[in-house]
Asks: 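Starting off with a structure, shown below.
Hydrogens, waters and symmetry mates are skipped; everything else that's a heavy atom, side chains included, is used. Keep in mind it's a predicted model, so treat the numbers as computed, not measured.
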Amino acid sequence: MTHTAADLVEQIIRTTGLPAGEVRRIVADVAAYFSEPVEEYVRRRHHELQVRGGKNEEIFERIRAELAHRPVRAPELSARQLRRIVYG
């Protein structure tokens with residue numbers, strides 16, 4: 001059985017009672033979040049964690065762990081590879 005975004009929207013409407021327009025927006029936001037390219041994700045997360053006072057060593061380890069648990073799994077990247085994505 002193949003499920004579509006429309007099926008997901010209908011399921012969420014049935015189970016939550018949220019308005020259809022709001023559910024469609026939420027599903028679109030989630031889909032966009034998980035379709036973000038790895039390089040953009042790494043740069044964005046690095047910036048977010050750095051702004052919160054994180055140190056690069058901790059940040060890169062956390063990003064590596066996060067990448068391993070995304071629904072569409074990214075290739076395993078070393079701290080050096082992550083550093084290159086962030087700093088070029």
Asks: Check whether any side-chain N or O of Glu61 sits under 3.5 Å from a backbone N or O of Glu58 as a donor-acceptor pair, and report yes or no.
Replies: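 Such a contact is absent between Glu61 side chain and Glu58 backbone.
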Asks: For Ile85 and Arg43, which heavy atoms make the closest approach, and how far apart are they?
Replies: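 Of all heavy-atom pairs spanning Ile85 and Arg43, the closest is O-NE, 3.1 Å.
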Asks: Suppose we screen for side chain to side chain contact (heavy atoms under 4.5 Å, CB included). Which residues come up paired with Glu40, at least two apart in sequence or across chains?
Replies: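 Glu40 satisfies side chain to side chain contact (heavy atoms under 4.5 Å, CB included) with Glu36, Pro37 only.
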Asks: If I take atom CZ from residue Phe34 and atom OH from residue Tyr41, how far apart are they, to the nearest 0.5 angstrom?
Replies: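 Here the rounded value is 8.5 Å.
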Asks: Nearest 0.5 angstrom please: Ile59 CD1 to Glu48 CD, how far?
Replies: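 With rounding to 0.5 Å, CD1 (Ile59) is 10.5 Å from CD (Glu48).
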Asks: For Arg62 and Glu66, run salt bridge (Lys or Arg N to Asp or Glu O under 4.0 Å): C-alpha distance rounded to whole Å, both residues' side-chain angles, the deciding distance at 0.1 Å, then the answer.
Replies: CA-CA 6 Å; Arg62 181 166 176 179; Glu66 290 174 0; 3.1 Å; yes
Asks: With sequence neighbours excluded, give me every salt bridge (charged side-chain N to carboxylate O under 4.0 Å, His left out) pair touching residues 16-31.
Replies: Arg25-Asp29
Asks: Would you sort out whether Asn56 and Val86 count as a side-chain contact (heavy atoms from CB on, under 4.5 Å), showing the intermediate values?
Replies: CA-CA 10 Å; Asn56 273 344; Val86 172; over 6 Å; no
Asks: Test: salt bridge (charged side-chain N to carboxylate O under 4.0 Å, His left out). Region: residues 74-88. Which pairs qualify, not counting sequence neighbours?
Replies: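 Pairs touching residues 74-88 that pass the test: Arg64-Glu76.
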Asks: Please name all residues satisfying side chain to side chain contact (heavy atoms under 4.5 Å, CB included) with Asp7, sequence neighbours left out, ordered by chain then number.
Replies: His3, Thr4
Asks: Rounded at 0.5 Å granularity, tell me how far CG in Leu49 sits from CZ in Arg44.
Replies: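 CZ of Arg44 is found 9.5 Å from CG of Leu49.
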Asks: Side chains of Val42 and Leu67: does their closest heavy-atom pair fall under 4.5 Å?
Replies: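 With C-beta onward as the side chain, the pair touches.
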Asks: Name all residues meeting the side chain to side chain contact (heavy atoms under 4.5 Å, CB included) criterion together with Val23; count only those two or more places apart in sequence or in a different chain, and write none if there are none.
Replies: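 Partners of Val23 by the side chain to side chain contact (heavy atoms under 4.5 Å, CB included) criterion, ordered by chain and then number, come out as Val9, Ile12, Ile13, Leu18, Val27.
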Asks: Keeping to residues at least two apart or across chains, list the ring-ring contact (aromatic ring centres under 6.0 Å, His included) pairs with something in residues 57-82.
Replies: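 Listed by first then second residue: His46-Phe60.
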Asks: Membership question, hydrophobic clusters at under 4.5 Å side-chain separation (ILVMFWY): are Val38 and Tyr87 in the same one?
Replies: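 As far as the 4.5 Å side-chain criterion goes, Val38 and Tyr87 are connected within one cluster.
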Asks: Rounded to the nearest 0.5 Å, what separation is found between the OG1 atom of Thr16 and the CD1 atom of Ile26?
Replies: 7.5 Å
